[in-house]
Number of protein chains: 2
Amino acid sequence: MREIRAGLADVARRAGVSPATASRVLSGSGPASAASRAAVLAAAGQLGYQPHPVARRLARGTGTRVVFAVRDDRADILLDPFVTRATAAMAAALDPYDIGVSLRRIGLECAADLEDLAADRGLAAVVLAGHDRALLSCLPSGLRGRTAAIGAGGADVDSAAGVGALLTHLYAAGRRRIALVAGPSWLASSAPPVAVYTELTRAAEMPTRVVRGDFTSDKGRTAARAILDRWPDTDAIASVSDATALGVLQTLADAGVRVPDDVAVTGFDDIPLAGAAHPALSTATHPVEQIAAAAARAALGEAAPIALFPSTPVFRATA
Amino acid sequence: MREIRAGLADVARRAGVSPATASRVLSGSGPASAASRAAVLAAAGQLGYQPHPVARRLARGTGTRVVFAVRDDRADILLDPFVTRATAAMAAALDPYDIGVSLRRIGLECAADLEDLAADRGLAAVVLAGHDRALLSCLPSGLRGRTAAIGAGGADVDSAAGVGALLTHLYAAGRRRIALVAGPSWLASSAPPVAVYTELTRAAEMPTRVVRGDFTSDKGRTAARAILDRWPDTDAIASVSDATALGVLQTLADAGVRVPDDVAVTGFDDIPLAGAAHPALSTATHPVEQIAAAAARAALGEAAPIALFPSTPVFRATA
DNA sequence: CTGTTAGCGCTTTCAC
DNA sequence: GTGAAAGCGCTAACAG
C-alpha cells in the first residue's frame with residue numbers, strides 16, 4: 001500500500017511504455033500489442049492502480065452523474081415508493097460505473113427543466129419518468145442520445161399483459177361488475193391498462209367503470225368511495241397501483257364491505273409490503289429494480305433503450 | 001443561447017479580468033475587489049455561465065459522488081424501504097450540489113470494503129448505515145472527515161423517546177405483558193429501544209420479553225409466532241420496524257388473535273403504507289428524508305455530524 | 001502499433 | 001488585490 005496513489009504515468013513508466021499506450025489498454029479503447037498490453041496490466045496490478053474517475057470524465061467530456069427526472073405535478077412524488085425503489089436501484093446499478101445518481105422532480109410543463117438538464121455538463125445521462133407520448137420525441141438536442149425513459153416508450157412493464165391477467169382471473173372467479181382505478185390521463189403509461197380493461201369489459205358485454213387515480217393511497221380511498229356511490233353493485237376493483245389498492249381496501253373495510261367476499265381487489269406493482277397487508281393484496285409483480293437499472297444503462301448507451309419486462313400476477317387474499 | 005457554452009475564460013475576458021480572478025469570485029474563495037467582483041458576476045450572468053462541475057472537482061481534488069454504504073448481512077437489504085427512502089432523499093438533497101449518490105452494500109466484516117471506499121478518488125464522501133459502535137471510531141484514514149453515519153453516533157432518530165412514548169401509551173391503555181421485537185444485536189441503533197423497554201418494564205415490575213428481529217416482515221411473522229408460543233398471555237407487541245410489525249399483524253390474524261382487542265401492536269418508522277394497512281398501524285413517525293439529507297450534508301462537511309431527530313408517536317388502529 | 005503533443009476547464013500557488 | 005503559469009490525471013489527435 002503506497003501512500004501516494006499510483007497514476008497512469010507511474011504505470012506507464014513501470015511497464016516501459018508511454019502514458020498513451022497505458023491509457024489505451026487500461027481504458028479498453030484503441031490498439032495495443034499483446035506484449036505492451038500484458039506489461040501494462042502487470043504494472044497496473046502491481047501498483048494497485050485505480051484510474052481517477054473524475055480526470056477520466058473530464059478528458060472524455062462525459063459527465064459523472066445520471067439524473068432521474070420524475071415528471072409529475074405532485075410535489076411529494078419523490079417520496080413515492082416506486083420512485084424511491086427505482087432511484088435506489090439505479091444508484092446500486094451504476095455504482096460499478098463510477099456514476100452517481102441524482103433525483104429531481106420536473107413539472108408537467110417541463111421544457112425549461114429539460115433545457116437545464118441539457119445545459120449541465122456534469123451529467124452523463126438522464127432517465128425520465130412520468131412522460132407522455134409527445135415528450136420523448138421533442139427532447140432538447142443536448143439530451144438526445146443520452147436519455148432513456150422508464151415507462152411507455154422506454155424500459156417498461158408489460159402492463160397490458162399484467163392487467164389483462166388480473167382481470168381474466170377476476171372474470172374466471174365469477175366477477176362481472178369490475179371497476180378500474182386507472183392512472184392519470186396525462187401519463188403515457190396509463191393507456192395500455194385502460195385499453196385491455198375496455199376490451200375485456202366489452203367482450204363480457206358489461207359497461208365500463210373507470211375512475212382516474214394518481215398512484216397514491218389517498219386517491220384509492222376517494223376512488224373507492226366514488227365507485228361505491230356510483231355503482232353500488234361493483235364486485236371487483238382493479239387498481240393500477242398497490243398504494244391505491246391499499247387505499248381502496250381501507251375504504252371498503254370502513255364501509256363494512258368484505259374483501260374478497262363482497263368485492264375483490266387487485267393492485268399493481270407488488271410493493272414490498274403488499275403481501276404484508278391484511279388481507280394480503282393480490283397484485284402483479286414487476287422487476288422494478290431491473291427496469292430501473294435497464295433504463296439507467298440505456299441512458300448511458302449500455303443497453304437497448306426499449307425493453308418490455310414481464311408483469312406476473314400474484315394471487316394472495318384479496319382476489 | 002450560444003451554441004458553445006461559455007467557459008471561465010470567456011467570462012474573464014468579458015469582465016476584463018484574468019481567469020484567476022474570475023475563478024476567485026465565482027468559486028467564492030479568495031480575495032477580490034468589489035469592482036472586479038461585480039464585473040465578473042455581470043459577465044457571468046450575461047453569458048449564462050455555468051461552471052463545469054467535473055473540471056472544478058478535478059482541479060480541487062474532490063470527488064463527484066457520495067456513496068451510501070449499507071452494512072448488513074442480508075443481500076437484499078438494498079431493497080429495504082428505509083434504505084430506498086434514504087437513498088432517494090440523498091439523491092434529491094445532493095442534486096443542487098452537483099453530486100450524485102451511489103448505493104452499495106458492505107458486509108458485517110467490512111474493513112476491506114472501507115479500504116476500497118477510501119481508495120476511490122471519485123468519491124466526495126460516504127454515508128454509512130448499519131454500523132456498530134466500534135466501526136465509526138476505526139475508519140480508514142482516507143475516510144476520516146468525509147464520512148457521516150445514519151443511526152447511533154450520526155444523524156439519528158431519537159428512538160429512546162419514540163419507543164418510550166409508544167410503550168407509555170400501551171401501559172396507559174392497560175397493557176402489561178408487553179413483548180418487544182428488537183433490532184439485531186450487532187447494530188448500534190438497536191440498543192436504545194431495548195434500554196427504554198427494559199427500564200419501563202422493570203418499573204412496572206413485569207418480566208421482560210425481548211425477541212431479536214432484523215427489520216423484515218418475515219422476521220415479524222416468526223417473532224410473533226415465537227412470542228405467542230412462549231408467552232401466550234402477551235397483550236401487546238412492540239416492534240422497532242413497521243415491516244416487522246406488519247409481519248406480526250399477519251401472524252396474529254392467521255392465529256385468530258384480534259388486534260387490538262387481544263393484542264395491541266406498534267411499529268416504528270411510519271413507512272408510507274403503515275397507515276394504509278388494515279388495521280392501520282400505530283407507530284412512530286420519523287423524518288427519514290431529513291435524516292438522510294442531514295447525513296449526506298454532514299458527510300460533505302456542510303452540516304453537523306451528529307443530530308437527533310424527533311420520533312413522534314402516531315396512534316391509529318392497532319394500539 | 002506507439003510515442004509526442006495538446007488539451008479537457010477550472011483552481012491555485014506564487015510573485016507583483 | 002491581481003495576473004501568469006503550473007498543474008489536477010487522463011484521453012485523443014496526429015505523426016511516425
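Below, chain A is the first sequence line, B the second, and so on; all start at residue 1. Only a predicted model underlies this, so the values are computations on that prediction, with no experimental measurement involved.
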Problem - Partners meeting side-chain hydrogen bond (donor to acceptor under 3.5 Å, both in side chains) with A:Ser189 (sequence neighbours left out) - result: none

Completion exercise
Quick note, side-chain hydrogen bond (donor to acceptor under 3.5 Å, both in side chains) partners involving residues 128-139 of chain A, not counting sequence neighbours, are A:Arg71-A:Asp132

Exercise for the section: For residues 95-105 of chain A, pull every pair meeting salt bridge (charged side-chain N to carboxylate O under 4.0 Å, His left out), keeping only residues two or more places apart or in separate chains. Expected result: A:Asp95-B:Arg65, A:Asp95-B:Arg104, A:Asp98-B:Arg65, A:Arg104-B:Asp95

Exercise for the section: Encode nucleotides 3-10 of chain C as B, S and - characters from 5' to 3', where the letter depends on protein heavy atoms closer than 4.0 Å: B to the base, S only to sugar-phosphate, - to neither. Expected result: BB--BBBB

Handout entry: Rounded distance in Å - CZ (A:Arg57) to C1' (D:dC8)
Key = 16 Å

Please tabulate, for side-chain N and O atoms in residues 298-307 of chain A, each donor-acceptor pair with protein atoms closer than 3.5 Å (sequence neighbours left out).
none

Practice task
If a pair satisfies salt bridge (charged side-chain N to carboxylate O under 4.0 Å, His left out) and one of its residues is in residues 139-157 of chain B, list it, with sequence neighbours excluded.
Solution key: none

Problem - Residue pairs, two or more places apart or on separate chains, that pass salt bridge (charged side-chain N to carboxylate O under 4.0 Å, His left out) and touch residues 285-301 of chain B - result: B:Arg85-B:Glu289

Handout entry: Phosphate-side-chain proximity, A:Ser36 and C:dT2, N/O vs OP1/OP2 below 4.0 Å
Key = yes

Completion exercise
side-chain hydrogen bond (donor to acceptor under 3.5 Å, both in side chains) pairs touching residues 44-63 of chain B, sequence neighbours excluded, are B:Arg14-B:Gln46

Exercise for the section: Indicate yes or no: at least one non-hydrogen side-chain atom of B:Val101 is less than 4.5 angstrom from one of B:Val67. Expected result: no

Problem - Angle by which the axis turns from one end of the helix from C:dC1-D:dG16 to C:dC16-D:dG1 to the other, five pairs per end, to 10 degrees - result: 30°

